[in-house]
There are 2 protein chains.
Amino acid sequence: MTLGHKVSDLYLKCRHMDPIPLQTSVTEQTAQRLREAIILGEFPLGTKLSEQKLADQLQVSRSPVREALVLLQTEGLVRVFPKRGTFVFSPDDNLTRDLCEHRTLLETACVALAIERNHARLLKDLKASFTHMQNAVSAENTINYSRGDLAFHRAIIKHSGNSSMIKVYETTIGPIMALRTHLFTITGIQLDRSMEQHQQIIEACAARDVGRAQALCTSHIRHLSDHVFEAQLG
Amino acid sequence: MTLGHKVSDLYLKCRHMDPIPLQTSVTEQTAQRLREAIILGEFPLGTKLSEQKLADQLQVSRSPVREALVLLQTEGLVRVFPKRGTFVFSPDDNLTRDLCEHRTLLETACVALAIERNHARLLKDLKASFTHMQNAVSAENTINYSRGDLAFHRAIIKHSGNSSMIKVYETTIGPIMALRTHLFTITGIQLDRSMEQHQQIIEACAARDVGRAQALCTSHIRHLSDHVFEAQLG
DNA sequence: CGCTCAAAACTACCATGTTACATGGTGGTG
DNA sequence: CACCACCATGTAACATGGTAGTTTTGAGCG
């Protein structure tokens with residue numbers, strides 16, 4: 001279990017929306033480290049998380065851990081049962097369906113807004129993420145590929161300009177990313193097909209073809225959920 | 001047997017706290033009380049919340065208060081500035097716009113899903129809420145009117161059947177409701193017009209007219225946001 | 001009279017201690 | 001042998017105390 005990230009690295013990674021994060025509390029650092037750990041699959045889904053163990057590993061007291069777990073619960077990554085313990089979320093069919101349905105709603109709405117409001121910046125970030133993913137594919141680095149993929153979709157949300165949706169997207173995509181990580185470790189993923197889909201989304205955005213971009217996002221997410229269900233992950 | 005009661009009896013009573021833990025922690029109780037207080041306008045928007053004061057008022061220690069504030073922060077009701085304090089959220093133009101845009105997205109999506117998936121139950125709850133609001137209007141009880149209004153829109157979300165959207169809706173509508181409460185205290189609201197809008201939404205849902213229901217929800221929310229902007233609340 | 005700086009008061013933040021609850025095991029009893 | 005009450009242990013929930021940082025205010029100085 002490798003929780004030993006550098007705080008500064010994590011801080012840079014989670015800087016998508018913080019308006020004024022001049023000072024970052026231990027609680028937030030702890031939350032970020034745990035978030036990463038769950039998303040990257042270092043804790044198997046459904047396992048119990050001991051506050052004391054986490055506190056020992058992260059070299060902090062239990063208070064920040066507790067508050068971080070409260071945060072992660074609102075993001076759907078863990079489930080807290082009073083007096084019994086905290087567990088990493090474990091998906092069921094319904095939850096996966098709901099999450100993907102919700103993500104589709106958000107991304108289709110945001111891609112329309114982003115094309116309308118921030119066309120240039122959207123394209124810039126999409127292309128940058130795409131290049132990042134290409135490099136990851138060449139290097140066969142699945143972790144970096146995931147990061148690029150995440151950045152790609154975050155760009156769509158971010159450039160919608162809607163702070164509320166940006167915030168919610170993070171809490172929606174967390175469990176999905178954790179699921180996908182699990183998927184990676186079990187079945188792998190069809191990288192070239194995924195790359196093609198992203199490429200098409202970029203083209204549709206470049207052409208300001210909102211309808212096509214939305215359709216592509218929808219099918220892109222559907223591919224993922226189908227994949228999850230095939231693997232019977234939930 | 002020397003003792004009066006058998007342990008097994010107690011076990012039966014609290015056997016399995018299945019879907020929702022019936023044991024509610026002090027933290028959640030605290031969060032609920034603070035949530036209500038903010039939404040009902042007991043704390044003016046933007047005011048500073050002292051952990052110690054709140055702990056004294058609520059007769060608990062500071063730990064539950066802290067964790068409750070973390071919760072409320074994720075719901076957008078308060079804003080925590082490390083080492084500086086916790087403040088009730090104060091809206092600006094952009095936030096209000098974003099929240100209403102987001103709420104519109106959720107409600108239009110959910111009303112379509114609800115009509116498709118839970119038509120009967122949707123209508124039942126909508127009508128019940130409507131009756132509740134009518135009674136509140138007769139009694140000139142604005143608090144009850146707010147509750148009914150909230151229940152009305154929650155019904156739409158709930159019967160979409162999407163757990164992820166249900167969860168997010170709460171965190172989206174919290175600040176909006178707080179804003180509306182503020183609006184009430186300042187300018188009042190056109191109750192009859194609002195009632196008419198709700199009535200029309202019910203009719204559209206009854207007729208399974210998805211497009212019309214969505215359009216009505218959109219304009220309903222737009223009325224609210226216009227009202228907020230007119231009052232220059234944010 | 002206004003400005004600067006420093007000290008004090010306040011506050012959040014984190015650590016530690018205490019209590020209460022849940023769980024697994026064991027011995028006793030029908 | 002089976003079942004159930006009791007007990008021990010581990011863990012979470014809550015309380016409290018100490019520390020570091022921020023804001024404020026007031027006194028001294030320009």
Side-chain angles (χ1 to χ4, degrees), chain A residues 3 7 11 18 20-34 43 46-74 77-89, chain B residues 1-34 43 46-74 77-90:
Chain A
L3 285 175
V7 171
Y11 185 63
D18 307 355
I20 316 162
L22 286 167
Q23 198 166 4
T24 154
S25 66
V26 174
T27 293
E28 286 177 29
Q29 293 169 19
T30 304
Q32 185 56 33
R33 291 172 73 179
L34 290 176
F43 298 107
T47 49
K48 180 172 180 175
L49 298 175
S50 160
E51 295 181 353
Q52 187 60 59
K53 300 269 179 61
L54 293 177
D56 294 343
Q57 286 182 16
L58 299 173
Q59 303 278 347
V60 296
S61 182
R62 295 206 310 278
S63 302
V65 172
R66 279 185 60 75
E67 287 165 21
L69 289 178
V70 171
L71 268 174
L72 296 187
Q73 186 185 26
T74 69
L77 287 175
V78 304
R79 184 89 191 269
V80 175
F81 296 91
K83 305 283 188 184
R84 284 182 43 190
T86 304
F87 300 82
V88 179
F89 89 105
Chain B
M1 179 174 313
T2 57
L3 293 180
H5 66 276
K6 287 192 261 181
V7 173
S8 58
D9 291 336
L10 300 175
Y11 264 76
L12 280 177
K13 275 182 211 155
C14 60
R15 170 88 70 89
H16 220 58
M17 33 195 71
D18 250 327
I20 302 167
L22 50 85
Q23 183 176 359
T24 145
S25 65
V26 173
T27 293
E28 287 181 27
Q29 293 170 20
T30 304
Q32 185 57 35
R33 293 174 69 178
L34 290 176
F43 297 108
T47 49
K48 182 172 182 175
L49 297 175
S50 159
E51 294 182 353
Q52 187 62 59
K53 299 268 179 63
L54 293 177
D56 294 343
Q57 261 181 280
L58 299 174
Q59 301 280 347
V60 295
S61 180
R62 296 203 307 277
S63 302
V65 172
R66 277 186 62 74
E67 288 165 21
L69 289 178
V70 170
L71 266 174
L72 295 186
Q73 185 186 26
T74 69
L77 287 175
V78 305
R79 185 85 192 271
V80 176
F81 296 91
K83 305 281 187 184
R84 283 180 44 195
T86 303
F87 301 81
V88 178
F89 89 105
S90 58

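The chains referred to below are lettered A, B, ... by the order of the sequence lines, with proteins before strands, and numbering in each begins at 1.
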Practice item. Rounded off to whole Å, could you give me the NZ-to-P distance for the B/Lys83 and C/dA12 pair? Key: 11 Å
Exercise for review: Test side chain to side chain contact (heavy atoms under 4.5 Å, CB included) on A/Val65 and A/Val60 and set out the steps.
Suggested key: CA-CA 8 Å; A/Val65 172; A/Val60 296; 3.8 Å; yes
Point to revise | Selected nucleotide, minimal atom distance to B/Thr27 side chain, candidates D/dT11, D/dA13, D/dC14 | key: D/dC14
Review point. Hey, which of A/Leu72, A/Leu71, A/Leu69, A/Leu34 is the one that makes side-chain contact (heavy atoms from CB on, under 4.5 Å) with A/Leu77?
Key: A/Leu72
Review point. Which residues pass the side chain to side chain contact (heavy atoms under 4.5 Å, CB included) test with B/Gln32, sequence neighbours left out?
Key: B/Arg35, B/Glu36
Point to revise | All side chain to side chain contact (heavy atoms under 4.5 Å, CB included) counterparts of A/Thr47, not counting sequence neighbours | key: A/Phe43, A/Pro44, A/Val88
Revision key, fill the gap. Contacts satisfying salt bridge (Lys or Arg N to Asp or Glu O under 4.0 Å) that involve residues 54-71 of chain A (not counting sequence neighbours) are A/Glu51-A/Arg66, A/Arg66-B/Glu67, A/Glu67-B/Arg66
Practice item. Measure the distance from CZ on B/Arg79 to P on C/dT11 and round it to the nearest whole Å. Key: 20 Å
**Study point:** Whole-Å distance separating the CD atom of B/Gln29 from the C1' atom of D/dA13
**Key:** 12 Å
Revision key, fill the gap. Rounded to whole Å, CZ of A/Phe87 lies from P of D/dT11 at a distance of 12 Å
Revision key, fill the gap. Taken to the nearest whole Å, CG/A/Leu49 to P/D/dA13 is 12 Å
**Study point:** Whole-Å gap separating P (C/dC10) and NZ (B/Lys53)
**Key:** 9 Å
Practice item. Check whether any side-chain N or O of A/Lys48 sits under 3.5 Å from a backbone N or O of A/Arg84 as a donor-acceptor pair, and report yes or no. Key: yes
Practice item. Would you check if B/Gln57 and B/Leu54 make a side-chain contact, meaning some heavy-atom pair closer than 4.5 Å? Key: yes
Point to revise | Length of the line joining A/Leu54:CG and D/dA12:C1', which is rounded to integer Å | key: 13 Å
Check your understanding: Which is true for B/Ser50 with a 4.0 Å heavy-atom rule: it touches a base, it touches only sugar-phosphate, or it touches nothing?
Key -> sugar-phosphate
Point to revise | Interface residues of residues 60-72 of chain A with DNA chain D (non-hydrogen, below 4.0 angstrom) | key: A/Arg62, A/Arg66
Study note, to complete from the structure: Applying side chain to side chain contact (heavy atoms under 4.5 Å, CB included) to B/Ser50 and not counting sequence neighbours gives B/Gln52, B/Lys53
Check your understanding: Nearest to the side chain of B/Glu51, which nucleotide is it out of C/dA12, D/dT22, D/dA13?
Key -> C/dA12
Point to revise | Contacts of type side chain to side chain contact (heavy atoms under 4.5 Å, CB included), residue A/Ser63, not counting sequence neighbours | key: none
Review point. At what angle, to 10 degrees, do the two end axes of the helix from C/dC1-D/dG30 to C/dG30-D/dC1 meet, given five pairs define each axis?
Key: 20°
Point to revise | Between C/dA22 (P) and A/Phe81 (CZ): distance, integer Å | key: 14 Å
